[in-house]
Colleague: 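Quick one: the structure is below, and I'll ask about it shortly.
Numbering of ligands and ligand atoms starts at 1, following listing order.
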Amino acid sequence: MTNDISFNFETRTVMLNSGYEMPIYGIGTYSLTGETCVESITAALNSGVRLIDTAYMYHNEESVGEAVRNSGIPREEIFVITKLYPNQFSNPEEAIEEALNKLDIDYIDMMLLHHPGTGDVEAYLAMEKAVADRKIRSIGLSNWYIEELEEFLPQVNITPALVQNEIHPYYQENDVIPYIQSRGIVVQGWYPLGGRGHTAELLGDEVISEIAAAHGKSSAQVILRWNLQKGVVVIPGSSNPEHIQENTELFDFELTAKEMERINALDRGEKHDWY
Ligand code: NAP
């Protein structure tokens with residue numbers, strides 16, 4: 001029997017197969033560096049966000065750690081995800097230590113492999129070892145689809161707790177999401193608002209704008225809520241405190257089955273990045 005990964009909308013968390021609870025909404029930090037990153041995370045934490053997504057490749061793990069340490073919020077209440085990049089797979093032990101040192105927050109809540117690459121199985125096995133050593137609590141994958149998972153999963157011991165893939169109304173992964181979820185693995189979407197350069201079109205979409213107006217919410221909130229109702233965790237990126245606050249106000253309305261269907265019908269299979 002697989003574990004239950006249905007979202008708890010009261011606590012706003014999901015129970016991972018690793019036994020740890022993770023918030024179902026957070027902030028993504030791609031393209032946020034230095035002071036902007038610290039300020040954005042501080043604003044997010046002040047708005048009640050407790051899930052932060054970073055990666056080696058974002059060059060901001062130090063800033064994420066600084067904001068977490070300086071927040072005054074107990075470490076246990078914050079959930080930090082980081083990722084190893086394929087150019088680190090040849091020496092994963094060192095890469096894990098590097099992430100721990102840069103973040104400097106005692107332990108890593110979740111570490112993912114950023115996308116498939118040479119040495120990914122070995123890198124994953126090194127993450128498994130770090131779980132045993134209590135340096136990392138949960139592990140998972142990013143940019144793994146059905147074929148890649150079919151090949152990868154038999155080669156590892158710990159079932160990933162999370163798979164993080166590109167998901168937005170124009171790229172919905174309607175085949176991949178149920179495949180992953182049926183294995184008790186939580187799905188998290190990146191580029192929930194389409195990603196930089198694409199947000200205007202997505203937020204201005206006629207169907208989404210109409211649904212937003214009907215609920216007195218913004219297009220961003222409707223898209224994030226659509227994800228949550230599909231059981232997909234959201235990590236919108238923002239450096240604007242007003243947007244950061246807005247992106248947390250997702251629990252005072254509910255999309256109807258008809259509205260969900262209308263957004264589902266917007267799928268174009270249009271990827272906004274190459275992973
Ligand atoms: P995104 O969340 O789809 O969009 C971010 C853009 O949306 C920013 O320009 C932001 O501008 C704007 N925005 C945010 N909230 C808004 C709101 N309420 N109203 C209007 N505009 C709003 O793109 P992303 O940040 O690139 O992706 C999300 C996260 O996914 C990343 O930060 C990263 O953590 C993760 N990611 C992972 C991968 C992977 O391969 N695993 C790849 C890409 C991204 P403002 O700053 O002005 O708010």
Colleague: Is ligand 1 under 4.0 Å from a heavy atom in the side chain of T29, in the backbone, in both, or in neither?
Modeller: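 The part of T29 near ligand 1 is the backbone, not the side chain.
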Colleague: Under 4.0 Å between a Lys/Arg side-chain N and an Asp/Glu carboxylate O for D273 and R196?
Modeller: no
Colleague: Do E242 and N240 get their side chains close enough for a donor-acceptor pair, meaning under 3.5 Å?
Modeller: no
Colleague: How far is atom 14 (C) of ligand 1 from its nearest protein heavy atom, and which residue and atom is that?
Modeller: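 Here the nearest protein heavy atom works out to G237 O, 3.1 Å.
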Colleague: For ligand 1, which atoms have a heavy atom of P236 less than 4.0 angstrom away?
Modeller: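 Answer for ligand 1: 2 (O).
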Colleague: Taking only heavy atoms of Y30, which atoms of ligand 1 are found under 4.0 Å from at least one of them?
Modeller: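 Result: 26 (O), 31 (C), 32 (O), 33 (C), 34 (O).
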Colleague: Using the ring of each side chain (for Trp, its six-membered ring), is Y170 parallel, tilted or perpendicular to H168, with breaks at 30° and 60°?
Modeller: perpendicular
Colleague: Check each atom of ligand 1 against the heavy atoms of N143 and keep those under 4.0 Å away; list them by number with element.
Modeller: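 Listed by number with element, the hits are 39 (C), 40 (O), 41 (N).
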Colleague: Report the residue from I108, V131, L113, V156 that forms a side-chain contact (heavy atoms from CB on, under 4.5 Å) with I139.
Modeller: V131
Colleague: Does ligand 1 have an atom under 4.0 Å from some heavy atom of S239?
Modeller: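 Within the 4.0 Å threshold, so yes.
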Colleague: Going by heavy atoms, is K83 under 4.0 Å from ligand 1?
Modeller: yes
Colleague: Who's the nearest protein heavy-atom neighbour of atom 47 (O) of ligand 1, and how far?
Modeller: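 Scanning the protein heavy atoms, the shortest distance from atom 47 (O) of ligand 1 goes to H243 ND1, 3.6 Å.
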Colleague: Give the atom numbers and elements of ligand 1 that come within less than 4.0 Å of a heavy atom of G194.
Modeller: 3 (O)
Colleague: Given that the side chain starts at C-beta and the backbone is N, CA, C, O, which of these parts of S238 lies under 4.0 Å from ligand 1, counting heavy atoms, or is it both or neither?
Modeller: both
Colleague: Inspect the contact between K217 and E259 and indicate whether a charged nitrogen and a carboxylate oxygen are less than 4.0 angstrom apart.
Modeller: no
Colleague: Provide, to 0.1 Å, the distance between atom 18 (N) of ligand 1 and the closest protein heavy atom, together with that atom's residue and name.
Modeller: N247 OD1, 2.8 Å
Colleague: Relative to atom 39 (C) of ligand 1, which among Y191, W190, W274, Y85 owns the nearest non-hydrogen atom?
Modeller: W190
Colleague: Quick one: sort the Y85 and H114 rings into parallel, tilted or perpendicular, breaks at 30° and 60°.
Modeller: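 Because their plane-to-plane angle lies in the 30° to 60° range, the rings of Y85 and H114 count as tilted.
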Colleague: Compute both the distance and the angle, then confirm whether R137 meets the cation-pi test with F79: under 6.0 Å from the six-membered ring centre, within 45 degrees of the axis.
Modeller: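 No; the conditions do not both hold, so R137 does not lie above the ring face of F79.
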Colleague: Any nitrogen or oxygen of L193 lying under 3.5 Å from a nitrogen or oxygen in ligand 1? Just yes or no.
Modeller: yes
Colleague: Y58 heavy atoms, cut-off 4.0 Å: which ligand 1 atoms fall inside?
Modeller: 33 (C), 34 (O), 35 (C), 36 (N), 37 (C), 38 (C), 44 (C)
Colleague: Can you label the angle between the W274 ring and the H115 ring as parallel, tilted or perpendicular, going by 30° and 60°?
Modeller: perpendicular
Colleague: What are the atoms of ligand 1, with element, lying closer than 4.0 Å to any heavy atom of T199?
Modeller: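 Answer for ligand 1: 4 (O), 6 (C), 7 (O).
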Colleague: So, is L203 polar-close to ligand 1, with some N/O to N/O distance under 3.5 Å?
Modeller: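 Looking only at distances, the answer is no, because the N/O contact criterion of under 3.5 Å is not met.
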Colleague: Does the N or O separation between Y275 and ligand 1 drop below 3.5 Å for any pair?
Modeller: no
Colleague: What part of A220 sits under 4.0 Å from ligand 1 if we count only heavy atoms: the side chain, the backbone, both or neither?
Modeller: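 Side chain only.
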Colleague: Counting from 1, what ligand 1 atoms have a heavy atom of Q164 closer than 4.0 Å?
Modeller: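 With Q164 as reference, the close atoms of ligand 1 come out as 37 (C), 38 (C), 39 (C), 41 (N).
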Colleague: Check ligand 1 against G28 and write out every atom of the ligand that is under 4.0 Å from a heavy-atom position of the residue.
Modeller: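 Heavy-atom distances to G28 below 4.0 Å select 29 (C), 31 (C), 32 (O), 34 (O).
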Colleague: Aromatic contact between F251 and Y25, with the criterion being ring centroids under 6.0 Å apart: yes or no?
Modeller: yes
Colleague: Could you tell me whether P192 approaches ligand 1 through its side chain, its backbone, both or neither, with non-hydrogen atoms closer than 4.0 Å?
Modeller: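 Both backbone and side chain of P192 come within 4.0 Å of ligand 1.
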Colleague: Verify side-chain contact (heavy atoms from CB on, under 4.5 Å) between V187 and N165, making sure each step is shown before the conclusion.
Modeller: CA-CA 8 Å; V187 175; N165 283 349; 5.7 Å; no
